[in-house]
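All remarks here apply to the structure that follows.
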Amino acid sequence: MAKYAAAVGLGSHHLQRRWLLALLVMLSVSTVIAFFLRAAFHSCDRNVSGEDVISSARNAVQIADKPSPPIAAAKSSPLSFMKSKVVLLVSHELSLSGGPLLLMELAFLLRSVGAEVYWITFMKPSETDEVIYSLEHKMLDRGVQVFSAYGKEAIDTALRADLVVLNTAVAGKWLDYVLKEDVHRVLPKVLWWIHEMRGHYFKLDYVKHLPSVAGAMIDSHVTAEYWKNRTLERLKIKMPETYVVHLGNSNELMQVAEDSVAKRVLREHVRESLGVRNEDLLFALINSVSQGKGQDLFLRSFYEALQLIKQKKMQVPPLHAVIVGSDMSAHTKLETELRDYVMQKKIQNCVHFVNKTLTVAPYLAAIDVLVQNSQGRGECFGRITIEAMAFQLPVLGTAAGGTTEIIVNGTTGLLHPGGKEGVTPLAKHIVKLATHVERRLTIGKRGYERVKERFLEQHMAERIGGVLKQVLSKSKTKSNQLHNFD
């Protein structure tokens with residue numbers, strides 16, 4: 001069987017402690033905690049779970065025994081106008097997937113400028129969940145008030161809030177379910193933050209109130225256009241004024257990406273655990289294993305690349321494929337098929353499966369190239385792409401979705417078609433980067449420069465700040481009109 005985390009100890013608590021100790025020597029505690037609380041805001045549909053993740057989240061909360069202080073430069077923040085504003089954040093779930101974690105990041109940005117922030121989760125399991133417990137206490141430590149999505153407190157907070165942010169399309173069910181007859185009083189101050197790209201989210205039960213809210217915020221232009229057309233054609237409703245906000249890398253991630261000592265230590269630990277040498281070339285796909293993320297097609301491209309190198313007798317370092325986001329405990333058909341393919345092609349010595357993990361930064365420090373192989377409509381944005389670029393990694397991505405708004409083809413990465421048609425082009429791109437060291441390094445450097453130009457936390461805060469100003473102004477006008485009408 002191909003190597004995977006459990007076999008080499010990569011998912012073990014022992015190695016996680018080694019990474020943690022190494023990081024603690026060089027970085028602030030807040031930086032380390034950020035790794036455990038942020039998986040890949042890069043993908044709208046990326047889920048992160050498992051026992052190793054639960055342990056990591058628990059460890060992170062134990063480390064964070066003191067609340068993180070407000071950002072000292074809050075006065076210069078593009079969100080400083082939100083000071084003393086009351087903001088209610090509504091998430092359909094609280095998990096380690098992209099949407100909820102991104103909303104948490106917004107909560108912390110708002111708290112850093114003195115906003116009064118409240119959080120409710122619409123769908124929660126009845127039994128105790130360690131991840132939810134950990135994330136809720138992380139928010140409480142940062143001054144975010146967390147309470148039930150049901151009952152009088154939720155309704156009263158929604159009514160007195162200056163702004164209500166609904167996170168994901170599914171959160172729309174909360175409006176009627178909880179607010180009932182008060183829903184019309186809240187809609188004028190709702191900003192709907194949508195991340196989904198899949199067709200099954202287009203249900204009137206979810207989004208029937210879209211035309212009446214103050215605005216919608218979406219992570220990419222292609223996703224915004226998709227929602228505009230789909231809601232009109234399928235549901236016969238119009239989108240409200242829609243704002244496109246590209247995401248940015250957190251200050252914590254950038255701190256590590258720009259710390260050569262930290263990267264070297266992480267690189268050595270990960271490569272040692274995988275059993276690969278420093279000079280070997282690692283091509284990694286970091287996403288939960290699923291049909292839509294294209295791990296199967298990536299492995300086919302990787303095998304084809306190995307054959308091309310062998311046939312043409314190219315002189316290159318040993319190549320390895322790393323799939324971060326595996327979960328054999330789920331016993332999915334795809335997980336089994338991936339491993340069967342690796343065994344069938346006899347490439348088990350150069351393919352590595354790594355369990356789902358929150359510690360994305362160590363892998364970005366360890367690999368040489370990121371493969372973003374999402375299929376169909378692609379990623380709504382794909383935050384892992386800009387995270388990889390921050391580490392000066394070239395990205396091989398599908399020419400679909402938000403990836404096309406991040407990568408400048410041929411300059412900061414190389415794009416290939418989705419589906420089976422993209423297998424050979426991706427294989428050729430793998431060979432190209434394996435055989436041209438200077439080009440690989442140049443693409444990585446240009447990607448980093450592009451991140452510095454437009455994909456930092458400051459850039460994202462500026463974009464979100466512009467949206468919030470317009471939404472607050474609009475909601476104030478509508479609320480006054482409703483008040484006069486009443």
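- A distance-only check finds a donor-acceptor pair linking the side chain of Lys474 to the backbone of Ala214 [under 3.5 Å].
- Checked against ring-ring contact (aromatic ring centres under 6.0 Å, His included), Trp119 has no partners two or more places apart in sequence or in another chain.
- By the 4.5 Å heavy-atom criterion applied to side chains, Val369 and Leu282 are not counted as neighbours.
- Side chains of Glu379 and Ser374: a donor on one and an acceptor on the other come within 3.5 Å.
- No side-chain donor-acceptor contact under 3.5 Å links Ser91 to the backbone of Leu94.
- The side-chain heavy atoms of Trp174 and Leu179, taken from C-beta on, include a pair separated by under 4.5 Å.
- Remark: Tyr118 engages Glu116, Arg160 in a side chain to side chain donor-acceptor pair (under 3.5 Å) (not counting sequence neighbours).
- In this structure, a donor-acceptor pair under 3.5 Å is present between the side chains of His246 and Glu405.
- Counting only distance, with no hydrogens or angles, the side chain of Asp327 and the backbone of Asn355 share no donor-acceptor pair below 3.5 Å.
- Taking every heavy atom of both residues into account, Lys293 and Ser288 meet most closely at CG-O, 3.3 Å.
- A side-chain N or O of Ser326 and one of Glu335 form a donor-acceptor pair less than 3.5 Å apart.
- Put simply, the side chain of Leu89 does not reach to within 4.5 Å of the side chain of Val144, judged on heavy atoms.
- Counting heavy atoms from C-beta outward, Lys208 and Ile237 have side chains that stay 4.5 Å or more apart.
- Nearest heavy-atom pair across Ala390 and Met254 is CB-SD, 3.6 Å.
- The closest side-chain donor-acceptor pair between Asp219 and Trp193 falls under 3.5 angstrom.
- Contact check for Phe391 versus Tyr448: no side-chain heavy atoms found under the 4.5 Å cut-off.
- Under the 4.5 Å side-chain criterion, counting only non-hydrogen atoms from C-beta, Asp162 is not in contact with Val87.
- No hydrogens or angles considered: nothing links the side chains of Glu387 and Asn249 as a donor-acceptor pair under 3.5 Å.
- Partners of Trp227 according to the ring-ring contact (aromatic ring centres under 6.0 Å, His included) rule, which considers only residues two or more places apart in sequence or in another chain, are Phe202.
- Side-chain contact annotation: His92 with Thr168, donor-acceptor N/O pair under 3.5 Å present.
- The ring of His137 has its center closer than 6.0 angstrom to the ring center of Tyr133.
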Passes side chain to side chain donor-acceptor pair (under 3.5 Å), Ser220 versus Thr223? Steps please. CA-CA 5 Å; Ser220 66; Thr223 308; 2.6 Å; yes

